[in-house]
Protein chains: 2
Amino acid sequence: MADVARLAGVSVSTVSYALSGTRPISLSTRERIEQAMLDLGYTPNAFARGLKSKRSRIIALLFPARAGSLRLNALECIVGASDHAQQRGYHLMLWTGVEAGDDLTQLAGQGLVDGALVMGVRLHDPRIQVLVDAGVPFAMIGHDADPGEIDFTDTDFEQSARLAVGHLVEQGHQRLGFLGDGENPRPEKALRRAASMAGADLVAVDAGASVDAGRGAFTRLLQADPNLTAIIAFNEHAVPGVMRAAGDLGRRIPQDLSIMCIDMPPHVAELTTPPMTTVEPSAAHVGRAAVDMLLRRLNGDTAPPRQLLFGGELNLRGSCAPAPSADDLHHGSTARQRRHQE
Amino acid sequence: MADVARLAGVSVSTVSYALSGTRPISLSTRERIEQAMLDLGYTPNAFARGLKSKRSRIIALLFPARAGSLRLNALECIVGASDHAQQRGYHLMLWTGVEAGDDLTQLAGQGLVDGALVMGVRLHDPRIQVLVDAGVPFAMIGHDADPGEIDFTDTDFEQSARLAVGHLVEQGHQRLGFLGDGENPRPEKALRRAASMAGADLVAVDAGASVDAGRGAFTRLLQADPNLTAIIAFNEHAVPGVMRAAGDLGRRIPQDLSIMCIDMPPHVAELTTPPMTTVEPSAAHVGRAAVDMLLRRLNGDTAPPRQLLFGGELNLRGSCAPAPSADDLHHGSTARQRRHQE
DNA sequence: CTGAAAGCGCTTACAG
DNA sequence: CTGAAAGCGCTTACAG
């Protein structure tokens, strides 16, 4: 910057003001400065700027990677958030595997980031308190049990559940199963509510993030209700197990059993046979909205906490069909046996 | 730091040296300083440190997100790199959608990052030259046409191709098809080589990242060789189209047609029916190795450029089977028609 | 409209 | 083994 000032024949402070635009500069001066910056290929030093102004224009993305159980939508959410931040002149810094404890306290204390985005928020998430204590502004993607004072964006599970259940009930399904991931209890709660409002029965089980877990879950679902005709899943890693277990028992999807996923990205939904019907919010949207919330806070917005829920869209693909008729059900086991003997 | 020094009764320089360990400090002094830091909950300011030392301990991850065509393995690679960097005391900063041009030049000039990792490297990637010119140390994940002077890690496509072709030829397949993504030409080249070494025929087509593109690609593959019995794909987004187009023509997978993917993560491979046989390197490994390479350079290593290729593993699932016998082939069309009329 | 100067919180020669 | 001081490259009151 000193070089620029010299070349333009002005003081460094004038260069700085020209750069920030925080005070009027005469046209000719401004032009000389701009020319000098171009000639020298000057870019302001981020550290000097950060040190003095106490603003880094960096935000942290807290991303608890329990390897293996990564939701495939996470990448889209991250990229959405990052693109958006970048457009607004901010950088996104990845903090993976940072849990509450010294790590986070240290990181937050370094003054490196102006704020944080917290992904994968659990119901009782100790990271939240650490951030509050550290005085780091943040917004959550997902939300904890009591988000009271904190901005967040999340999937609107109530709306998603109504969409999912609505579609299935319309198709004549009355006995539904739910497959959760054992971590986020919101989908199940929402589904229970939606089912009871729609007058449908719902049984629910959780499963880990594996094919085998899905197989086991299917068995448990059938034990809970041998006559269920549709399954709603919030556990993309267990779904293949469910589908195969159903196939093994001769239940064809979608003729004998409908299945639908919440929060599975489109290109993944296309991989199953039949392709998976989904209710799915735009993960990129959720990420972008969280960035917006946070930036508003960083710019001094003191409005009460905002909580933005994003509804999903129903994407009909091929894994749901009208419920088998009572007649089908009656003869079901015979038909299934026949198929199995082929 | 001034507070710490006061509380410990020493000078700030002593505190700084105690922190960095770059010169001997008496035990009692060190203890007083450490106690003071604890009492005050002190964490060094990252900007002051960066400004003075010219090292930020931040590395950029250049991640060109052409939305929609994100490889699902990318997330694992990113998380692998980030975890690893974090363990080594570095931060990973996401630069999505940053292409060659002013953006990159600016970012590189800010002095914010000590180095960069470049993902999604194309054969002639203008970002490379920009980084070289800016004097930012970097390593590539993937590599361009002429990586001469630059460190990189990548999938070992030659080895992967040998594995894939080897398995198929062992199973009696002699007429193979390849489905590329139209961006990375290496898989096709490697496959051609592997096929010719194994004495198998290979026809190749490219497709965009969509189901429809996959359908079209299957048609073109059959035009190129109506008798192919196996397909190797490096295009996870088009694979569903291939599978469905095959199904529409009555070709059962794997009995009539084997299919195999390169670079598809395990939990995605489980989603198809039958589950997809893959040849797949550990994306997390590739990411970690790139971090290691870069950090070595940052620490002054001047060894000649290193180029690390990671071989894939063959994961047999269910999408490949022995080639149909000549007899099967002969009666194939009749059999297919029969199935279609059912 | 512009300049001279203090200071952000560290690191690191220089001196003892 | 320890301290006093310069300086990294900016921003921003203060002064004109």
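Because only heavy atoms are used, hydrogens play no part in the values below, and waters and symmetry mates are left out as well, while side chains stay in. Throughout, protein chains are lettered first and strands after them, A, B, ... in sequence-line order, and every chain is numbered starting at 1.
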Check your understanding: Judged by modelled atom types alone, do A/Thr29 and A/Ser26 share a side-chain donor-acceptor pair under 3.5 Å?
Key ->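 Judged by distance alone, the side chains do pair up.
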Review point. Between the side chains of A/Gln129 and A/Asp133, does any donor sit under 3.5 Å from an acceptor?
Key: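 Yes, because at least one side-chain N or O of A/Gln129 sits under 3.5 Å from a partner of the opposite role on A/Asp133.
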Please report, to 0.1 Å, the donor-acceptor pairs under 3.5 Å made by any side chain of residues 33-43 of chain B, with sequence neighbours excluded.
residue: B/Gln35; atom: NE2; partner: B/Asp39; partner atom: OD1; Å: 2.9

Exercise for review: Could I get the full list of side chain to side chain contact (heavy atoms under 4.5 Å, CB included) partners for B/Thr302, not counting sequence neighbours?
Suggested key: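 Not a single residue meets the side chain to side chain contact (heavy atoms under 4.5 Å, CB included) criterion with B/Thr302.
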Practice item. Check each residue of residues 15-22 of chain B for a non-hydrogen atom within less than 4.0 Å of any atom in DNA chain C, then write out the ones that pass by number, or none. Key: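 Going residue by residue through residues 15-22 of chain B, the ones with a heavy atom under 4.0 Å of DNA chain C turn out to be B/Ser16, B/Tyr17.
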Review point. Hey, can you pull the residues of residues 23-34 of chain B with a non-hydrogen atom under 4.0 angstrom from DNA chain C?
Key: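 Of all residues in residues 23-34 of chain B, the ones placing a heavy atom under 4.0 Å from DNA chain C are B/Arg23.
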Exercise for review: Hey, which sits more toward the 5' end of DNA chain D by its nearest nucleotide, A/Phe47 or A/Thr14?
Suggested key: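 Result of the comparison: A/Phe47.
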**Study point:** Nucleotides bounding contact with chain B, strand DNA chain D, heavy-atom threshold 4.0 Å
**Key:**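 Using the under 4.0 Å cut-off, the span is D/dC1 to D/dG9.
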Check your understanding: Near DNA chain D, under 4.0 Å by heavy atom, which residues of residues 3-13 of chain A?
Key ->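 Under 4.0 Å from DNA chain D: A/Ser13.
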Point to revise | Lys/Arg-Asp/Glu bridge criterion (N-O < 4.0 Å) met for B/Arg297, B/Asp292 | key: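 Looking at B/Arg297 and B/Asp292, the cut-off is not met.
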Review point. Can we say B/Asp83 and B/Arg88 salt-bridge, meaning some charged N sits less than 4.0 Å from an Asp/Glu carboxylate O?
Key: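 Not counted as a salt bridge, because no side-chain N and carboxylate O are separated by less than 4.0 Å.
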Practice item. Would you mind listing every ring pair (Phe, Tyr, Trp, His ring centres under 6.0 Å) that reaches into residues 122-154 of chain B, with sequence neighbours excluded? Key: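 Only B/His143-B/Phe152 qualify under ring pair (Phe, Tyr, Trp, His ring centres under 6.0 Å).
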Exercise for review: Quick one: which residue pairs count as a side chain to side chain donor-acceptor pair (under 3.5 Å) with a foot in residues 104-119 of chain B, not counting sequence neighbours?
Suggested key: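 Pairs touching residues 104-119 of chain B that pass the test: B/Ser56-B/Asp114.
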**Study point:** With B/Phe47 via ring-ring contact (aromatic ring centres under 6.0 Å, His included) - residues at least two apart
**Key:**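 Result, ring-ring contact (aromatic ring centres under 6.0 Å, His included) vs B/Phe47: A/Phe47.
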Point to revise | Partner set under ring-ring contact (aromatic ring centres under 6.0 Å, His included) for B/Tyr90, not counting sequence neighbours | key: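 By the ring-ring contact (aromatic ring centres under 6.0 Å, His included) rule, B/Tyr90 matches no residue at all.
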Donor-acceptor under 3.5 Å ([X] side chain, [Y] main chain):
X        : Y        : answer
B/Gln86  : A/Thr96  : yes
B/Thr153 : B/Val286 : yes
A/Asp154 : A/Leu309 : no
A/Ser20  : A/Ser16  : yes

Point to revise | Residue pairs fulfilling salt bridge (Lys or Arg N to Asp or Glu O under 4.0 Å) with at least one residue in residues 18-28 of chain B, sequence neighbours excluded | key: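 Of all non-adjacent pairs touching residues 18-28 of chain B, none passes salt bridge (Lys or Arg N to Asp or Glu O under 4.0 Å).
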**Study point:** Range-with-range stems of DNA chain C (Watson-Crick or G-U pairs under 3.5 Å, three or more in a row)
**Key:**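 The stems that DNA chain C takes part in, listed by first number, are C:1-3 with D:14-16, C:5-12 with D:5-12, C:14-16 with D:1-3.
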